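A short write-up of the structure that comes next.
Bear in mind the structure is a predicted one, so any value in this text is a computation, not a measurement.
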Number of protein chains: 2
Amino acid sequence: MKTAFLDKGHDHGDCIQAALNAAEVVCQKQKARLTPIRRRVLELVWRGHAPVGAYELLQILKDEGFNPAPPTVYRALDFLIQHGLVHRISSLNAFVGCSRPGDVHDGTFLICRTCGTAAEMLDQTVLGTIGDMALSNKFSLSHVSVEAVGVCVDCRDGDRTEV
Amino acid sequence: MKTAFLDKGHDHGDCIQAALNAAEVVCQKQKARLTPIRRRVLELVWRGHAPVGAYELLQILKDEGFNPAPPTVYRALDFLIQHGLVHRISSLNAFVGCSRPGDVHDGTFLICRTCGTAAEMLDQTVLGTIGDMALSNKFSLSHVSVEAVGVCVDCRDGDRTEV
DNA sequence: TATATAATGTTATAATATAACAATATGTTA
DNA sequence: TAACATATTGTTATATTATAACATTATATA
């Protein structure tokens, strides 16, 4: 059965490539500029499926010679979030690539505390339920964040610890 | 119809009193000590129905002569969270009183961006749906945070801005 | 080219949170 | 009660995350 968690043996290069390709398309469509820094930050966010902190990104960029200050990274992240390419995981103060790039939507995540993976639930059921609750409370909904922490099946079964 | 949002005209003194009473009961039951600082922090968190930041609490305590450093407040908040008396709203880095004290449970909130009120949805539907999603992803769930931002009915209708 | 706009660079600082160790208070047992 | 163990709070320092404000550079458009 297909789950929100990818197989640990998946070709992650494909994930990165797909994310970058999608970003090009999205930016072209929205007449937004995927500058080198923005592109590189997106690529780094896609290093894996575990959310990455802004200062972690900053350190990597420094090692590469970009030598940016915090605002540079935060701006890039803001841009990527605005354009539906990245989600912020507020319980972790960290950022993760969006699984449905370009379609700006709310993030609903299952986050494994062992391997760090944040799997986006693309199923609309959860958001639908929250929408219903909002409606019955006469609450005009803008955006929703769902962050569920636990242990993914691979970490439970396999005692593995890294993505 | 009853909603998760209380009427703006409600007697908030009752809310505070109920929260403190419940805290006494809970702590007695759990053989935990509701020390003066913990009690005072809880009372301050219950100043209103809008989440309060740790440094905001810190400032109030300073004005009262407690003169605490940040760890004091964070420890009190941790204690209150552990015992199911307070929830942390991670998208706001702030804390709010729990509507069902003592029953340790996950927080699901509707947060009004106008008046700041965070109304806890005590209905179990949302958590049930997330539980189902976890199950179908073979994900062993520990805890969930749902934070939905929008505008509450009073702020939409009444153009009021404070709780 | 001139001009406007967008993006990035740079410096400083704000806001949130925790580590580490000392001191004090409380509960428990001999 | 005295001695001890444990829990709580005090204190200092610092880590971590994020933004304000203004200067500079790049890009797009008239």
Side-chain angles (χ1 to χ4, degrees), chain A residues 23-24 26-45 50-62 64-83 85-96 116 145 147, chain B residues 23-24 26-45 50-62 64-83 85-96 116 145 147:
Chain A
E24 299 282 6
V26 166
C27 288
Q28 197 155 27
K29 204 171 288 179
Q30 304 185 11
K31 295 193 198 310
R33 290 170 50 207
L34 191 64
T35 61
I37 285 217
R38 289 168 176 173
R39 189 190 161 85
R40 185 69 186 120
V41 167
L42 179 62
E43 199 175 357
L44 290 176
V45 165
V52 190
Y55 278 76
E56 207 176 328
L57 296 171
L58 194 63
Q59 187 53 56
I60 299 169
L61 290 169
K62 272 183 180 161
E64 289 177 350
F66 267 99
N67 201 38
T72 304
V73 170
Y74 280 102
R75 284 168 187 151
L77 289 168
D78 285 348
F79 171 90
L80 296 168
I81 290 169
Q82 292 300 318
H83 292 82
L85 301 168
V86 161
H87 290 287
R88 180 170 195 276
I89 307 293
S90 67
S91 63
L92 299 175
N93 293 326
F95 305 83
V96 71
S145 140
E147 299 174 16
Chain B
E24 300 280 7
V26 166
C27 287
Q28 199 156 26
K29 205 172 286 177
Q30 302 184 12
K31 295 192 197 315
R33 291 168 50 207
L34 191 63
T35 61
I37 286 216
R38 289 168 177 173
R39 188 189 163 86
R40 185 68 187 121
V41 167
L42 180 62
E43 200 175 356
L44 290 175
V45 165
V52 190
Y55 278 76
E56 209 176 326
L57 296 171
L58 195 64
Q59 188 53 57
I60 299 170
L61 290 169
K62 273 183 180 160
E64 290 178 348
F66 267 101
N67 200 40
T72 304
V73 169
Y74 281 102
R75 284 169 187 151
L77 289 168
D78 285 347
F79 172 90
L80 296 168
I81 291 169
Q82 293 300 317
H83 292 81
L85 301 168
V86 161
H87 289 287
R88 179 169 197 278
I89 306 293
S90 66
S91 64
L92 299 176
N93 293 328
F95 304 84
V96 71
S145 141
E147 298 173 16

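- By the criterion of a centre-to-centre distance under 5.5 Å and near-parallel planes under 30°, the ring of B:Y55 forms a stack with the base of C:dT16.
- For the atom pair CG of B:L42 and CG of B:L77, the computed distance is 9.5 Å after rounding to the nearest 0.5 Å.
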For this session: Could you give me the CA-CA distance, side-chain angles and deciding distance for A:V41 and A:L61, then say whether side chain to side chain contact (heavy atoms under 4.5 Å, CB included) is met?
Result: CA-CA 8 Å; A:V41 167; A:L61 290 169; 4.0 Å; yes
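- Of the two residues near DNA chain C, A:F79 and A:N67, the one whose nearest nucleotide lies more 5' is A:F79.
- The distance from atom CD of B:Q59 to atom P of C:dT16 is 13 Å, rounded to the nearest whole Å.
- The CG atom of B:N93 sits 13 Å away from the C1' atom of C:dA14 (whole-angstrom rounding).
- Smallest separation of non-hydrogen atoms from A:L92 and A:P51: CD1-CG, 3.9 Å.
- Comparing A:R38 and B:F95 by the nucleotide of DNA chain C that holds the closest heavy atom to each, the one mapping nearer the 5' end is A:R38.
- Taking CZ of A:F95 as the start and CG of A:L80 as the end, the distance is 10.0 Å to the nearest 0.5 Å.
- Rounded to an integer number of Å, the gap from CZ of A:F66 to P of C:dA7 is 16 Å.
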For this session: Produce a footprint string for nucleotides 21-30 of chain D: one letter per nucleotide, 5' end first; B if the base is under 4.0 Å from any protein heavy atom, S if only the sugar-phosphate is, - if neither.
Result: B-----S---
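- Computed from coordinates, the A:L34 CG to C:dT8 C1' distance equals 15 Å when rounded to whole Å.
- Residue pairs meeting the salt bridge (charged side-chain N to carboxylate O under 4.0 Å, His left out) criterion with at least one member in residues 64-78 of chain B, sequence neighbours excluded, are B:R40-B:E64.
- We find that CG of A:L57 is positioned 14 Å from C1' of D:dT16, with the value rounded to whole Å.
- Closest approach to the A:T35 side chain among D:dT8, C:dA7, C:dG9 is made by C:dA7 (side chain taken as heavy atoms from C-beta onward).
- Contact annotation: A:T72 does not reach the phosphate of C:dT8 (side-chain N/O to OP1 or OP2, under 4.0 Å).
- One can place CG of B:L61 at 10 Å from P of D:dG10, the figure rounded to the nearest angstrom.
- Straight-line distance from the OH atom of A:Y74 to the C1' atom of C:dA14: 12 Å, rounded to whole Å.
- For A:I37, the side-chain atoms get nearest to C:dT8 when compared with the rest of D:dT19, C:dT8, C:dT18.
- Look at CG on B:L77: it is 12 Å from C1' on C:dT16, rounded to the nearest Å.
- Under the 3.5 Å distance criterion, the side-chain polar atoms of A:E147 are matched with a main-chain donor or acceptor of A:S90.
- B:A76 and B:I37 make their closest contact through CB-CG2, 4.2 Å (heavy atoms, listed as atom of the first residue, atom of the second, distance).
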